[in-house]
Amino acid sequence: MKKRLLSAPLSLAQAHDAIYQTVRRIPRGRVASYGQVAELAGLPRRARLVGQLLWQLDETTDIPWHRVINARGEISYSPSRGGGDVLQRLRLEAEGVEFSEAGRIDRERFQWLGD
DNA sequence: GTTATGACTTCAC
DNA sequence: CGTGAAGCCATAA
């Protein structure tokens with residue numbers, strides 16, 4: 001019998017699809033963390049995979065990638081994003097999401113709780 | 001097979 | 001609230 005570890009029922013292709021579908025469900029003006037997206041997609045502990053997938057998206061995608069933030073309620077800034085991180089904040093503010101002085105989002109008010 | 005890296009998360013100070 | 005260390009998982013070399 002083949003070794004079977006906990007919960008890996010999906011192939012990578014299916015996992016990617018599940019994550020994209022989940023991100024698409026995030027309502028306008030709301031945000032979700034990477035870990036939350038992974039969990040809602042049925043992929044617990046795959047937060048880093050979510051980030052990796054979003055990194056592959058181009059500018060013409062219809063996926064609201066800007067509504068995905070880290071668990072601290074903050075945008076994940078990184079040199080590898082080439083300025084895309086700044087764009088993320090602008091897009092969120094355009095949807096009515098407020099940032100604290102420290103550049104953080106109040107999760108109690110703006111985090112998406114699911115459906 | 002091992003090692004290093006990263007749009008992450010959690011816990012301990 | 002800020003920092004650092006450890007854990008985690010997929011990918012690339």
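Numbers restart at 1 for each chain; the letters A, B, ... are given by sequence-line order, proteins then strands.
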Between CG of A:Leu49 and CG of A:Leu43, what distance do you get to the nearest 0.5 Å?
7.0 Å
Please list all pairs passing the side-chain hydrogen bond (donor to acceptor under 3.5 Å, both in side chains) test where one or both residues lie in residues 52-63 of chain A, with sequence neighbours left out.
A:Arg24-A:Asp62, A:Asp58-A:Thr60
Less than 4.5 Å apart, side chain to side chain, heavy atoms only: is that true for A:Val31 and A:Trp112?
no
Which of residues 98-106 of chain A sit near DNA chain B, with a heavy atom under 4.0 Å from it?
none
So if I take residues 29-36 of chain A and measure heavy-atom distances to DNA chain B, which residues fall below 4.0 Å?
A:Ser33, A:Tyr34, A:Gly35
Extract, from 5' to 3' on DNA chain C, the first and final nucleotides lying under 4.0 angstrom from some heavy atom of chain A.
C:dC1 to C:dT11
In whole Å, what separates the C1' atom of B:dA7 from that of C:dA13?
22 Å
4.5 Å side-chain heavy-atom contact, A:Leu57 and A:Tyr20
yes
Does any part of the side chain of A:Tyr34, heavy atoms only, come nearer than 4.5 Å to the side chain of A:Leu54, both counted from C-beta?
yes
Could you list the residues that satisfy salt bridge (Lys or Arg N to Asp or Glu O under 4.0 Å) with A:Arg30, not counting sequence neighbours?
none
Under the salt bridge (Lys or Arg N to Asp or Glu O under 4.0 Å) rule, collect the residues that match up with A:Arg104, sequence neighbours excluded.
none
Which parts of residues 50-79 of chain A get close to DNA chain C, meaning a heavy atom less than 4.0 angstrom away?
A:Gln52, A:Arg72
Give the table of side-chain donor-acceptor pairs shorter than 3.5 Å for residues 63-72 of chain A, with sequence neighbours excluded, one pair per line with atom names and distance.
unit_1	atom_1	unit_2	atom_2	d
A:His66	NE2	A:Glu95	OE2	3.0
A:Arg67	NE	A:Glu95	OE1	3.1
A:Arg67	NE	A:Glu95	OE2	3.2
A:Arg67	NH1	A:Ile26	O	2.9
A:Arg67	NH2	A:Glu95	OE2	2.7
A:Asn70	OD1	A:Arg72	N	3.0
A:Asn70	OD1	A:Gly73	N	3.4
A:Asn70	OD1	A:Glu74	N	3.0
A:Asn70	ND2	A:Glu74	O	3.2
A:Asn70	ND2	A:Ser76	OG	3.3

At 4.0 Å (heavy atoms only), tell me whether A:Arg81 reaches a base, stays on the sugar-phosphate, or touches nothing.
base
Pairs where residues 82-92 of chain A contributes a residue and the test salt bridge (Lys or Arg N to Asp or Glu O under 4.0 Å) is met, not counting sequence neighbours
A:Arg89-A:Glu93
Non-neighbouring partners of A:Glu39 that pass side chain to side chain donor-acceptor pair (under 3.5 Å), sequence neighbours left out
none
Hydrophobic cluster (4.5 angstrom, side-chain heavy atoms) - remaining members for A:Leu113
none
Might you confirm whether atom CZ of A:Arg81 has over 12 heavy atoms from other residues, nucleotides or ligands at distances under 6.0 Å?
yes
Sequence-distant partners of A:Arg25, salt bridge (Lys or Arg N to Asp or Glu O under 4.0 Å), two or more places apart:
A:Asp115
